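Everything numeric here is computed off the predicted structure, so don't read it as measured data. Every chain is numbered from 1, with letters handed out A, B, ... down the list of sequences.
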Number of protein chains: 2
Amino acid sequence: MSVGISIKLNSGLYIRDPQATKLGKSIIKNSILLFEEIGFEAFTFKKLATKIKTGEASIYRYFENKHYLFLYLVSWYWEWVSFLIDYNTKNIVDPKRKLKIIINNFVFASKDNPSIDYVNESILHKIIISEGTKAYHIKDIDEENQEGFFLNYKQMVAKVAEVISEVNPQFEYPRALASNLFEMANNHIYFAKHLPRLTDVKVKGEDYSEVEKMLEIFAEKLLAK
Amino acid sequence: MSVGISIKLNSGLYIRDPQATKLGKSIIKNSILLFEEIGFEAFTFKKLATKIKTGEASIYRYFENKHYLFLYLVSWYWEWVSFLIDYNTKNIVDPKRKLKIIINNFVFASKDNPSIDYVNESILHKIIISEGTKAYHIKDIDEENQEGFFLNYKQMVAKVAEVISEVNPQFEYPRALASNLFEMANNHIYFAKHLPRLTDVKVKGEDYSEVEKMLEIFAEKLLAK
DNA sequence: ACAATATTGATAGTAAAACTATTAAAAAAG
DNA sequence: CTTTTTTAATAGTTTTACTATCAATATTGT
């Protein structure tokens with residue numbers, strides 16, 4: 001039985017709603033796998049089409065190009081983390097505990113029972129860690145922002161910033177800390193794996209607990225009164 | 001008169017040393033301008049060749065491809081910031097003052113008298129802000145790291161981490177804080193300009209002083225004993 | 001159940017990007 | 001001032017990024 005998660009994303013991101021058809025879901029599912037396998041640069045619609053045994057043109061009927069498909073997946077992730085935060089902080093009143101849970105969700109981004117079968121959240125998380133920021137480091141950032149393509153990220157940051165302000169209403173940078181904790185979580189998992197001299201934490205396999213601990217200490221020190 | 005800065009970069013980054021010839025210098029100079037004008041994705045060797053009135057093939061004699069040229073420029077920036085830190089913290093003993101100067105260099109990355117005429121450091125800084133992280137968010141990260149292509153970043157981070165440890169020897173994350181201050185400087189200038197709801201600071205034109213202040217406060221709180 | 005409509009699969013084609021190769025002309029070095 | 005290196009000009013190949021067409025298949029509305 002599904003827990004009833006529904007991920008609604010800006011309809012400007014796609015031409016045809018991929019969640020509405022079998023082929024669309026296959027595009028989502030397999031693009032996540034393919035981005036992880038070969039990386040953003042080498043990813044092409046032709047390769048994806050071959051993988052899911054359809055024509056290149058069929059994919060173009062769903063997404064204008066690789067960038068929009070990627071942004072769709074990244075937006076999905078932002079929504080997913082938002083959902084996790086809501087789900088896991090439900091009925092918790094202590095803002096410090098809430099923030100700890102948020103940090104845990106930034107770092108692990110996982111949930112025991114999977115939500116939507118055609119999205120492998122764990123692989124999606126890996127993509128975000130290695131290249132998630134490419135979704136918004138683009139020349140057309142202002143036009144796309146105008147279209148509301150980054151609302152999911154902003155809403156998630158606003159949600160976290162609110163908790164931060166609850167922890168310490170005097171803290172002047174709640175949004176900056178929120179986005180920084182999110183970015184740091186991804187960055188330092190990446191650094192630990194690939195450029196270890198840029199960090200002090202170690203990760204072994206999927207064990208990111210040192211990253212989590214570091215973020216907790218950072219947050220605690222920054223929000224101390 | 002030049003101050004005598006010499007920027008030495010890993011020779012694996014290029015096929016022929018661009019600093020050694022007129023055309024090479026023109027490639028450096030104009031690629032900085034072109035990356036800034038049209039962005040990483042739209043940048044091609046053909047367009048660059050047209051801009052500097054040479055053939056595409058001539059550029060391929062200097063750099064294997066766009067990625068290596070870009071990495072060359074980003075490495076230049078890392079070296080440049082390292083130089084600025086050395087230059088501006090010379091003879092200063094108080095580590096807290098040193099760290100303030102480092103933060104100032106992360107945010108402004110500028111120097112009154114220009115160093116090398118064919119590199120516009122101010123435009124290079126803009127490129128780093130908008131897309132610098134693309135240099136190391138790549139599929140071949142481990143192979144390229146093996147080749148030493150990120151040593152300039154690592155050395156810069158090590159240098160800053162040392163100052164951080166001087167400020168507070170008990171602080172457990174000197175490298176992570178060093179890389180984070182650098183990344184935050186770029187990120188929050190970008191956010192303030194393009195995705196303002198992801199930060200709390202404002203930038204007006206080239207005035208990044210709010211970013212600087214935020215980083216100072218972050219560093220101070222994190223390093224308080 | 002069946003006609004109307006929408007979606008797909010298969011094929012083909014164009015324009016630009018990402019290179020490689022060749023050779024004559026120009027520049028630099030000994 | 002001749003040998004060697006470097007560049008300019010041209011041409012060609014493969015791959016990417018995308019558009020168009022249309023018959024086959026699925027979906028939907030009654």
Residue-phosphate contact under 4.0 Å: [X] side-chain N/O, [N] OP1/OP2:
X     : N      : answer
A/R61 : D/dT21 : no
B/S58 : D/dA8  : yes
B/R16 : D/dT5  : no
A/T54 : C/dT8  : no

Check: [X] ring centroid to [Y] ring centroid under 6.0 Å:
X      : Y      : value
A/Y153 : A/F182 : yes
B/H137 : A/Y190 : yes
B/Y68  : B/F63  : no

query: Step by step, would you call B/E37 with B/K47 a salt bridge (charged side-chain N to carboxylate O under 4.0 Å, His left out)?
result: CA-CA 11 Å; B/E37 275 171 44; B/K47 287 175 190 164; over 6 Å; no
task: With heavy atoms under 4.0 Å as the rule, sort A/Y62 into base, sugar-phosphate or nothing.
output: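 Sugar-phosphate, no base atom in range.
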Pairs under 3.5 angstrom, nitrogen or oxygen only, protein versus nucleotides 14-20 of chain C, please.
unit_1 : atom_1 : unit_2 : atom_2 : d
C/dC19 : O5'    : B/Y60  : OH     : 3.1
C/dC19 : N4     : B/E56  : OE1    : 3.0

Identified side chain to side chain donor-acceptor pair (under 3.5 Å) counterpart of B/Y208 within the set B/K193, B/K213, B/K202, B/H188: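 Going through B/K193, B/K213, B/K202, B/H188 one by one, the side chain to side chain donor-acceptor pair (under 3.5 Å) with B/Y208 is satisfied by B/K193 alone.
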message: So which atom in A/N152 and which in A/K8 form the shortest heavy-atom distance, rounded to 0.1 Å?
response: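 Minimum heavy-atom contact is ND2-O, 4.2 Å.
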Give the rounded distance in Å between these two atoms: [atom1] of [X] and [atom2] of [N].
X     : N      : atom1 : atom2 : result
B/Y14 : D/dT6  : OH    : P     : 14 Å
A/F63 : D/dC18 : CZ    : P     : 14 Å
B/L48 : D/dT7  : CG    : C1'   : 15 Å
A/I15 : C/dA6  : CD1   : C1'   : 16 Å
A/F40 : D/dT16 : CZ    : C1'   : 13 Å
A/I59 : D/dT19 : CD1   : P     : 14 Å

message: Can you give me the bend angle of the helix from C/dA1-D/dT30 to C/dG30-D/dC1? Use the axis through the first five pairs and the one through the last five, nearest 10 degrees.
response: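 Computed from the C1' atoms at both ends, the axes differ by 40°.
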task: May I ask you to decide whether B/K139 forms a salt bridge with A/E131, counting only side-chain N to carboxylate O separations under 4.0 Å?
output: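 Salt bridge absent between B/K139 and A/E131.
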- prompt: Is a salt bridge present between A/K66 and A/E41, judged by a nitrogen-to-oxygen distance below 4.0 Å?
  reply: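 No salt bridge links A/K66 with A/E41.
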- prompt: Is atom NZ of A/K204 surrounded by more than 12 heavy atoms (other residues, nucleotides or ligands) closer than 6.0 Å?
  reply: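 Enclosed.
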